[in-house]
Peer 1: 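Okay, here's the structure, questions in a sec.
Both backbone and side-chain heavy atoms feed into the values below; hydrogens, waters and symmetry mates do not. A quick note: this is a predicted structure, and the numbers were derived from the prediction, not measured. Protein chains get the first letters and strands the later ones, always in sequence-line order, with residue 1 at the start of each.
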2 protein chains.
Amino acid sequence: MNNNFNLENFISDFSKSCQKMQKKVFSKNEVVTTYIKNRNQLCILLNGHADLVRYDLNGNRTIVEHFSKNALFGEVFYTITTNNELLVEAKSSCTVLFYIYDDIFKKCKSNCKFHQTLSENLPQLILNKVTDLNMRIELLTKRSTRDKLLGYFSLLSTRNLSTSFELPFSLTDLADYLSVDRSAMMRELKLLKEDGFVEKVGNRIILLYK
Amino acid sequence: MNNNFNLENFISDFSKSCQKMQKKVFSKNEVVTTYIKNRNQLCILLNGHADLVRYDLNGNRTIVEHFSKNALFGEVFYTITTNNELLVEAKSSCTVLFYIYDDIFKKCKSNCKFHQTLSENLPQLILNKVTDLNMRIELLTKRSTRDKLLGYFSLLSTRNLSTSFELPFSLTDLADYLSVDRSAMMRELKLLKEDGFVEKVGNRIILLYK
DNA sequence: TATTTTCCGTTGCAAAAGCAACACATTATG
DNA sequence: CATAATGTGTTGCTTTTGCAACGGAAAATA
């Protein structure tokens, strides 16, 4: 593992050097990919926003992950054990690089720089994913909608180094991410405002508690 | 990555070959370790059972992960981003191997076989952890206690290749794992029995639906 | 710019989940 | 083996959450 690995530089460089990558452009609401058992796909979001969503038998939608610029996704990061369908949906127009691999940890036969760098750094990239997943589990184990909202806001606050930040979701999608009913979440958000915990200006949240 | 890697053989072999490992024995309810920022610890449970638990500010306990024989845990698999304390508690008497590393992906200076094998296979071990985490997220995103119970039972059923299986938890702990109130869970479990979905004989669950 | 679609904000009511308390069973422990 | 500690099963009551529905705002689209 190379600790000086810079994901952004890496991503901006490799598309020149590698022939096996496919670049595609999607418009809003298009399905970018579905997760399929035993296919080995790695995807990189070059720009735009997309969500990994799951629909269950009751018709509930869950946003499993939210992806923005330079996010990595695909079956590498998700061994499929569920029967429910997993889709990646474009939330805005976006550009995605696709790469089907044989053995993700080995560089390809053509020996290009991209695959070498990728296989060297993949363990670290997977560890980053582990961190995300653990944070998500902590959110989901919170017992009340209020704690889920506050927990998520606190996470965004930390990530933005500020008590004020833009929500990356519509409120409708936020409910599907926190796995709660939208109207119940709206009610709770209102109470949080009334109780002086947060303010909301447009799509921006301001935390009022230390 | 070596696809023929056998975790069990690996674990049973290396303690002879590596000097940097520490073996310790714990009795029930002892704290095996706490997760500490910027320490690099990898632990292997040689026998017994242990849980990774988190206590939140409201006094709720969450069982984050349940470990049995040959489980791997420690900071490698959990970059700490939370303020809550994370403890590993022994659920029975158990034996644990500890290993503090500098760079987990590199073999150590003494060049022993263990570290070489470990660094070669760690990516795959981390991917296994990713799979576990994704399954856990799927459980936690289920909207009702009933669906959480059925989802968990279905998972155990798949894992045991049988519609009948032992619960690895006490019911009290199961509630803390599913992140629901114990008495509410008991009520729901009773309803599941009344509705003919499951039977419970001692600590064994029998699924009655196809 | 007119029109359609999506999202926001809200509410009444129903259902689910949480809380607290208790008796009894089972399991550890001196 | 007696006693303490922990786990199970249950219930009444309260609080939270979900569901369904609706009007208006905002955003997308023709």
Side-chain angles (χ1 to χ4, degrees), chain A residues 26-30 48-49 51 53 56 58-63 89-93 140-150 166-195 198-205, chain B residues 26-30 48-49 51 53 56 58-63 89-93 140-150 166-195 198-205:
Chain A
F26 297 87
S27 48
K28 191 179 168 178
N29 293 326
E30 276 192 283
H49 294 267
D51 288 337
V53 300
D56 71 16
N58 306 323
N60 287 316
R61 184 180 77 137
T62 303
I63 296 181
E89 294 176 346
K91 299 301 290 180
S92 65
S93 63
L140 291 170
T141 53
K142 293 191 187 295
R143 306 299 176 97
S144 63
T145 302
R146 167 167 291 217
D147 283 348
K148 283 180 184 166
L149 280 171
L150 288 177
E166 293 287 321
L167 287 177
F169 286 124
S170 73
L171 294 177
T172 305
D173 284 355
L174 179 57
D176 287 344
Y177 183 73
L178 298 180
S179 208
V180 296
D181 177 71
R182 185 188 67 87
S183 67
M185 190 195 78
M186 294 297 285
R187 184 164 34 209
E188 201 53 46
L189 184 55
K190 193 181 167 191
L191 291 174
L192 279 175
K193 285 189 265 186
E194 286 173 14
D195 294 351
V198 302
E199 272 178 31
K200 182 165 183 292
V201 182
N203 204 33
R204 177 165 285 272
I205 296 284
Chain B
F26 298 87
S27 48
K28 192 180 169 178
N29 293 325
E30 275 192 283
H49 293 268
D51 288 338
V53 299
D56 71 16
N58 306 323
N60 287 315
R61 184 180 77 137
T62 303
I63 297 181
E89 294 176 346
K91 300 301 291 180
S92 65
S93 64
L140 291 170
T141 53
K142 292 192 185 296
R143 305 299 176 95
S144 62
T145 301
R146 168 168 291 217
D147 284 348
K148 284 181 185 168
L149 280 171
L150 288 177
E166 294 287 321
L167 287 177
F169 286 125
S170 73
L171 294 176
T172 304
D173 285 355
L174 180 57
D176 287 344
Y177 183 73
L178 298 180
S179 208
V180 296
D181 177 71
R182 184 189 67 86
S183 68
M185 190 196 79
M186 295 296 286
R187 185 162 34 208
E188 201 53 46
L189 184 55
K190 193 183 167 190
L191 291 174
L192 280 174
K193 285 188 264 186
E194 285 173 14
D195 294 351
V198 302
E199 272 177 33
K200 183 166 183 290
V201 181
N203 203 34
R204 177 165 284 273
I205 296 283

Peer 1: Per the atom types in the model, does the base of C/dA17 pair as donor or acceptor with the side chain of B/S183 at under 3.5 Å?
Peer 2: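 It does not, because no donor-acceptor pair links the side chain of B/S183 to the base of C/dA17 below 3.5 Å.
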Peer 1: Please identify each residue that fulfils salt bridge (charged side-chain N to carboxylate O under 4.0 Å, His left out) with A/R146, with sequence neighbours left out.
Peer 2: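 Salt bridge (charged side-chain N to carboxylate O under 4.0 Å, His left out) check on A/R146 returns A/E188, A/D195.
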Peer 1: Once you round it to whole Å, what is the distance between P of D/dA21 and CG of A/D181?
Peer 2: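 Rounding to the nearest Å, CG of A/D181 and P of D/dA21 are 14 Å apart.
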Peer 1: How many Å lie between CG on A/N203 and P on D/dA26, as a whole number?
Peer 2: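 Taking CG of A/N203 and P of D/dA26, I get 13 Å after rounding.
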Peer 1: Could you tell me the separation between the CZ atom of B/R182 and the C1' atom of C/dG18, rounded to a whole number of Å?
Peer 2: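 That distance rounds to 12 Å.
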Peer 1: Looking at C/dA17, D/dT8, C/dG12, which one has an atom nearest to any side-chain atom of B/R187?
Peer 2: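 Of the candidates, C/dA17 comes closest.
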Peer 1: Where do B/L189 and B/L149 come nearest, in terms of heavy atoms and distance?
Peer 2: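 Where B/L189 meets B/L149 most closely, the heavy atoms are N-CD1, 4.0 Å.
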Peer 1: Establish, with yes or no, whether the OP1 or OP2 oxygen of D/dT16 is under 4.0 angstrom from a side-chain nitrogen or oxygen of A/S144.
Peer 2: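 So the side-chain polar atoms of A/S144 never come under 4.0 Å of the phosphate oxygens OP1 or OP2 of D/dT16.
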Peer 1: Expressed in angstrom and rounded to an integer, what is the separation of B/K28 atom NZ from C/dT26 atom P?
Peer 2: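 To the nearest whole Å, that distance equals 16 Å.
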Peer 1: If only side-chain N and O atoms of B/K190 are considered, is one of them under 4.0 Å from the OP1 or OP2 phosphate oxygen of D/dT11?
Peer 2: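 The answer is yes; a side-chain N or O of B/K190 sits under 4.0 Å from OP1 or OP2.
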Peer 1: Return whichever of A/N29 or B/N29 has its heavy-atom-nearest nucleotide of DNA chain C closer to the 5' end.
Peer 2: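 Result of the comparison: A/N29.
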Peer 1: Suppose we screen for salt bridge (charged side-chain N to carboxylate O under 4.0 Å, His left out). Which residues come up paired with B/E30, at least two apart in sequence or across chains?
Peer 2: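 Result, salt bridge (charged side-chain N to carboxylate O under 4.0 Å, His left out) vs B/E30: none returned.
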Peer 1: Below 3.5 Å, does any donor atom in the side chain of A/S170 face an acceptor in the base of C/dC7, or the other way round?
Peer 2: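 When only heavy-atom distances are counted, A/S170 does not reach the base of C/dC7 through any donor-acceptor pair under 3.5 Å.
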Peer 1: Rounding to an integer number of Å, can you tell me how far B/K193 NZ sits from D/dG9 P?
Peer 2: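 Atom-to-atom, B/K193 to D/dG9, this comes out as 5 Å.
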Peer 1: With the threshold set at 4.0 Å, does a side-chain nitrogen-carboxylate oxygen contact exist between B/R143 and A/D56?
Peer 2: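 A/D56 and B/R143: not salt-bridged.
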Peer 1: For B/S92 and B/H49, indicate whether the former's side chain and the latter's backbone hold a donor-acceptor pair under 3.5 Å.
Peer 2: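 Here the side-chain-to-backbone pair exists.
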Peer 1: How close or far is atom C1' of C/dT10 from atom NZ of A/K200, stated in whole angstroms?
Peer 2: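 Rounded to whole Å, this separation is 14 Å.
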Peer 1: On DNA chain C, check which nucleotide each of A/L189 and B/V180 is closest to and give me the residue with the more 5' one.
Peer 2: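 With A/L189 and B/V180 compared, the 5'-side residue is A/L189.
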Peer 1: Can you tell me the distance, in whole Å, between the CZ atom of B/R61 and the P atom of D/dG7?
Peer 2: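 The distance from CZ of B/R61 to P of D/dG7 comes to 8 Å, rounded to the nearest Å.
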Peer 1: Counting just side-chain N and O atoms, does B/T172 come under 4.0 Å of either OP1 or OP2 of D/dT8?
Peer 2: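 For D/dT8, OP1 or OP2 has a side-chain N or O of B/T172 closer than 4.0 Å.
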Peer 1: Please state how far atom CE in B/M186 lies from atom P in D/dG9, giving the value in whole angstrom units.
Peer 2: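 Rounding to the nearest Å, CE of B/M186 and P of D/dG9 are 4 Å apart.
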